[in-house]
Amino acid sequence: MFLVGLTGGIASGKSTVVAMLQALGCAVIDADVIARQVVQPRFLAYRRIVHSFGPEILLETGEINREALGSIIFSQPEKRQLLNSITHPEIQKEILKQILKYFVLGYRYVILDIPLLFETNTLTKFMKHTVLVYCDPQTQLVRLMQRNGLTRAEAEARIAAQLPLDQKVKLASHVIDNSGDLETTRKQALKLHTSLEDSMDFLLVRLLALTAAAGVGSVVYFLLRHLVA
Ligand code: ADP
């Protein structure tokens with residue numbers, strides 16, 4: 001099995017392409033969903049956040065007030081670092097659990113949907129391939145204004161806060177151009193899925209896992225024969 005990092009820019013169509021790939025049967029791990037999940041009350045990160053930031057960042061429901069936390073870390077970089085040091089290990093653990101699940105289920109590859117894949121850049125080294133969902137700047141602006149009901153200036157400010165798509169194109173190993181209609185994008189998603197499914201890259205990890213399992217099996221057999229008998 002191998003990992004494929006999928007990213008985009010705001011309103012470039014990442015969610016649209018993820019839905020298309022899921023409809024084709026792809027395994028997709030959504031980093032945003034996991035990031036929201038690990039700050040829920042039953043998780044370790046929740047307890048650590050409350051311990052470090054105090055109960056005043058809680059809503060009446062007991063859940064973390066994401067807006068309050070957001071404004072604290074926006075104005076205090078050291079608090080952002082503290083929050084990241086709490087949440088990142090938990091997010092990585094959850095991602096790993098899901099990767100293992102898909103590995104056991106026999107998937108040839110898993111897509112990691114990571115909005116800021118190239119901005120944070122910590123996970124790219126684990127990706128066999130990276131995919132950028134691209135659209136041209138004018139289309140991105142119009143789609144963002146329409147989807148979020150924003151003025152041109154507001155939409156431009158949100159786009160400017162990210163690495164420009166033209167720069168991300170240079171960093172990605174595959175690009176899906178979503179500037180056209182949905183059907184044109186669907187064809188590109190299918191082509192990508194077919195080429196990843198046909199790739200033999202998945203075999204290496206399966207062989208390594210098989211070799212490791214055989215090694216463990218031999219040790220257990222040896223112990224049973226020589227120590228237990
Ligand atoms: P992202 O997840 O990258 O922020 P979305 O997938 O939500 O972007 O797409 C942004 C908006 O553009 C949504 O309203 C979506 O329905 C619309 N959209 C996406 N792709 C197309 C397309 N090829 N043609 C027309 N509208 C599209």
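Start at 1 and go down the list; that is how both ligands and their atoms are numbered.
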When distances are taken from atom 2 (O) of ligand 1, the protein heavy atom at minimum range is Ser15 OG, 2.5 Å
Starting from atom 8 (O) of ligand 1, which protein heavy atom do you reach first, and at what distance in Å? Gly13 N, 3.2 Å
Candidate with minimal heavy-atom separation from atom 22 (C) of ligand 1, of Lys14, Arg143, Met20: Arg143
Report the nearest protein non-hydrogen atom to atom 19 (C) of ligand 1: residue, atom name, distance rounded to 0.1 Å. Thr16 OG1, 3.4 Å
Ligand 1 to Gly9, heavy atom cutoff 4.0 Å, flagged ligand atoms 3 (O)
Run the side chain to side chain donor-acceptor pair (under 3.5 Å) check on Asp181 and Thr184 step by step: do they pass? CA-CA 6 Å; Asp181 62 18; Thr184 310; 2.5 Å; yes
Distance to 0.1 Å, residue and atom name: give those for the protein heavy atom nearest to atom 20 (N) of ligand 1. Asn178 ND2, 3.0 Å
Out of curiosity, is Gly8 lining ligand 1, as in a heavy atom under 4.0 Å away? no
Would you say Ala19 touches ligand 1, if touching means a heavy atom closer than 4.0 Å? no
If you scan the protein for heavy atoms around atom 16 (O) of ligand 1, do you find one that is closer than 4.0 Å? no
Please check whether Ile10 reaches ligand 1 - meaning an N/O of the residue sits under 3.5 Å from an N/O of the ligand, judged on distance alone. no
How far is atom 7 (O) of ligand 1 from the closest protein heavy atom, and which atom is that? Arg147 NH1, 2.9 Å
Are the ring centres of Tyr109 and His129 closer than 6.0 Å? no
Looking just at side-chain N and O atoms, do Asp136 and Thr139 make a donor-acceptor pair shorter than 3.5 Å? yes
Any atom of ligand 1 sitting under 4.0 Å from a heavy atom of Ser179? no
In sequence, state the C-alpha distance, the side-chain angles, and the governing distance for His51 and Tyr46, and then conclude on side chain to side chain donor-acceptor pair (under 3.5 Å). CA-CA 9 Å; His51 179 75; Tyr46 172 90; over 6 Å; no
With heavy atoms under 4.0 Å as the rule, classify the contact between Asp181 and ligand 1 as side chain, backbone, both or neither. backbone
More than 12 heavy atoms of other residues, nucleotides or ligands under 6.0 Å from CD of Glu78: yes or no? yes
Do the numbers put Lys79 on top of the ring of Phe53, so that NZ or CZ is under 6.0 Å from the six-membered ring centre and no more than 45° off the axis? yes
